[in-house]
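Within every chain, numbering begins at 1; the chains are lettered A, B, ... in the order of the sequence lines, protein sequences first and strands thereafter.
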Amino acid sequence: MPRGVMPILQALCLSARALIMCKMVRNKAFPFTSIASIRALPPTAPLKSGLQNTNLEDAHEAFDRVPTPGDVFSWNKLLRDYVRNRPLHQARGLFDEMPLKDVVSWNTMLSGYYRAKRPEDVYGCLGELGRCGVLPNAYTISMAISSFLDTRFKILVPQIHGRIVCLGMVSDVIVGSALMKGYANVGNPLALERVFDDLSVKPASSWNALVSGYMEMGHVEKAERIFHLMPESQKDVVSWTCLLCGYVRNKRIDEARSVFDRMSVRDVFSWTAMMNGYVRNEKHEDALKLFVLMIKSGSRPNVFHYSCVLSACAGASSLVVGQQVHSSIIKCGIPESDDVVVMTSLVDMYANCGEIDAAFCIFANIQNKNIASWNAVMGGYAWHGPGEKAIEIFESMVENGTKPDPITFINLLSACVHGGLVEEGAKFFDCMKTKYGIQPEVEHYACMVDLYGKAGQLEKAKKLIEEMPMEPDVVVWGAFIGDCTMHSNLEFGEFAEKGIRRLKEHHPASYTMLLKIHGENGSWGRVLNLKRLMRKWHVRKQIAASWLDTS
DNA sequence: TTAGGGTTAG
C-alpha cells in the first residue's frame with residue numbers, strides 16, 4: 001500500500017458507527033446469513049407476464065386527471081411516468097391502449113426498451129412504427145442506433161443511414177452523433193468521417209463523437225489530430241474527458257494521466273474516468289492515490305468513485321483499505337443500500353480479499369439484486385469454496401427469477417474446477433446451451449478443459465480442445481499444459497506444446513510448464529530447444545511472488 | 001412530453 005494512503009483514509013473514514021458496521025458485517029450480524037434466508041425473499045423482479053395489472057382504469061387511478069382522448073401531450077406524459085416507474089409490460093399495456101399516439105409516444109416506448117437493454121423490442125417497435133405510417137424523428141433514430149450498439153443489430157447501422165438520407169436528416173446533430181457512434185461500433189472510419197462532414201453545424205458534441213469514435217476503433221493518432229483540429233473555443237471538460245477515456249480504452253494510461261494533469265477544469269466524470277483507467281490497467285495503488293488526491297482537492301466522492309475505488313481494493317486484495325472505504329461510505333451517508341453497483345462492488349471487494357462470509361452478508365442485504373450481484377457472490381464461492389455453495393447460490397438465483405448470463409457460467413464452471421465437481425460441471429456446460437440458450441465462449445471451454453484435466457481425464461480435455469468452434473487461446477492451452485504437468489503426462493504435453501507454439505501470445509507460464517514437463521521426463525534436448533525459443537521470443541520466466549509477509 | 005458529448009459493479 002502506498003505511503004500516505006492509509007493515514008488519510010483513516011482520518012477521513014473512521015467513526016465509531018462505521019467501525020461497528022464493519023464488524024457487524026465481518027461477524028455476520030446482518031439479518032440474512034444463509035442461503036435459506038435468501039430463498040425466503042420475494043423475487044427481486046416481478047415475474048408477472050401479460051397485462052393483468054395494466055389497463056386504463058389502473059392508469060387513471062394513479063393520476064389526478066384523466067387525459068381526454070385527443071390530448072396526446074398528456075397521454076405521453078402518463079406513458080413517460082409508466083416507462084420510468086413501472087414494469088415495462090405495464091407501460092406497453094398503456095401504450096397499446098392509448099387512444100392517440102404520435103412520434104413522441106413511440107419514442108417514449110422506445111426509450112423504455114432502450115433503458116431496459118432490449119434491442120429486439122426496439123427493433124420490433126421500429127417495424128410497428130413504420131407500418132403505422134409514423135415518420136421517425138431525430139430522437140427515434142438516436143435511440144434505435146444507441147440500442148443496437150454492441151449487439152447483433154449493429155449490422156443495421158448502414159441501413160439506418162440510408163433511411164436518414166431519404167428522410168433528409170443527414171445534417172441533424174443528434175442523428176449525426178448517434179450515427180458516428182454506430183459506425184465506430186461497426187469499425188467503419190470512412191463512414192464515420194463522412195457523417196461528420198455532412199453535418200451543417202459542428203458543435204463540440206459532434207467533435208467529441210468523432211474523437212471518441214476514432215479512439216474506439218483504436219486509431220489513437222488520428223483521434224489526437226482531430227482533437228487538435230477542434231476549435232479551442234469549443235473544447236470543454238467533456239472534450240478533454242473524451243480524449244482521456246480514449247487513451248484509457250487503448251491502454252495508454254500515462255497519456256491519459258498527462259491529459260488529466262493538463263485539464264484546467266475537472267469534474268466528477270474526469271476524476272472517475274482517470275480512476276477507472278488505473279483500475280482497468282491494474283494500477284490499483286495509483287487509483288487509490290488518486291482517490292485520496294480527489295478528496296484532498298475538496299471533491300466529495302459519489303457512488304461512481306466508491307465503486308471504482310472498491311474495485312482497486314479488490315484488485316490489490318487490500319482488505320484493510322477496503323474496510324476503510326466501506327466505513328467511509330457508511331460515514332458519508334451514501335445511500336449504499338439503494339445503490340446496487342456500490343453494494344456489488346463491496347461484495348466483490350470482500351470476496352476478492354478472502355472475506356467470503358462478509359461478502360455474503362453484504363450480498364444478502366442488497367434489496368435490488370441484479371445478475372452482477374449474484375455473479376459477484378457466486379464468483380467468491382467459486383474461488384474460495386466450497387464449490388457446492390456456488391451451485392446453491394445459482395439455484396437460488398434461478399428460483400428468484402434472475403436469468404443467468406455467460407459470466408454466471410464462468411463462475412459456476414470455475415467452482416466445479418476448484419471443487420473437483422466433474423459431473424456437475426459437464427451438466428452445467430450442457431445446460432447453458434440447451435436450457436439457457438447461451439453459446440459457450442472460449443472462457444467456458446477453458447474451464448471445461450481445466451475441469452477434465454485436473455481430474456486426470458486428459459483424453460476428454462484434448463477431445464474438447466479439438467472440437468472447439470473457435471481457436472483455443474493462451475488460457476485454454478495454459479490450463480491444459482498445467483494439467484499435463486500436474487499428471488506428468490508427456491504424450492498430452494506434446495499435443496499442448498504444438499498448440500502453444502502456434503499462439504501469437506507467448507505467455508511465460510506456458511513455457512515454464514513445458515520446461516517442467518520435459519525436464520521431469522529427462523528430455524533435455526527439448527528443454528534446451530525451448531529455452532532457445534524463449535530467448536528468441538523474449539519470454540522470461542516470471543519472478544515468483546507471495547502475499548505472505550515473511551519479514 | 002421523447003434523448004442528450006464524457007464516469008461505476010460481476
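A:S345 comes within contact range of the sugar-phosphate backbone alone, with a heavy-atom separation under 4.0 Å but no base atom that close. Residue-level contact check: A:N411 touches neither bases nor backbone, having no heavy atom under 4.0 Å from any strand. The residue A:D236 sits close to a base: some heavy atom pair falls under 4.0 Å. Residue contacts for A:Y306: at a heavy-atom cut-off of 4.0 Å it reaches no nucleic acid atom on any strand shown. Within the 4.0 angstrom heavy-atom criterion, no nucleotide atom of any strand lies near A:K101. Looking at heavy-atom distances under 4.0 Å, A:I371 makes contact with a base. Nucleic acid contact class of A:R280 (heavy atoms, under 4.0 Å, all strands): sugar-phosphate only. Residue contacts shown for A:I174 include a base, since a base heavy atom lies under 4.0 Å away. Across all strands, A:A204 comes closer than 4.0 Å to base atoms (heavy-atom distances). Here A:V279 lies out of heavy-atom contact (under 4.0 Å) with every strand. Contact annotation for A:R266: no contact, since no heavy-atom pair falls under 4.0 Å across all strands.
Screening residues 124-140 of chain A for salt bridge (Lys or Arg N to Asp or Glu O under 4.0 Å), with sequence neighbours left out, gives A:R92-A:E128.
At a cut-off of 3.5 Å, with distance as the only test, no side-chain donor of A:N411 or A:S414 sits close to an acceptor on the other residue. Checked by atom type, the side-chain pair A:N375/A:D405 shows a donor-acceptor distance below 3.5 Å. One side chain, A:S105 or A:D102, offers a donor N or O that lies under 3.5 Å from an acceptor on the other. Between the side chains of A:S270 and A:D267, a donor-acceptor pair is found at a separation under 3.5 Å. Side chains of A:Y82 and A:T108: a donor-acceptor N/O pair is absent below 3.5 angstrom, by distance only. In this model, no donor atom of one side chain and acceptor atom of the other lie less than 3.5 Å apart for A:E193 and A:Y183.
First and last contacting nucleotides of DNA chain B toward chain A (any atom under 4.0 angstrom from a heavy atom, 5' to 3' order): B:dT1 to B:dG10.
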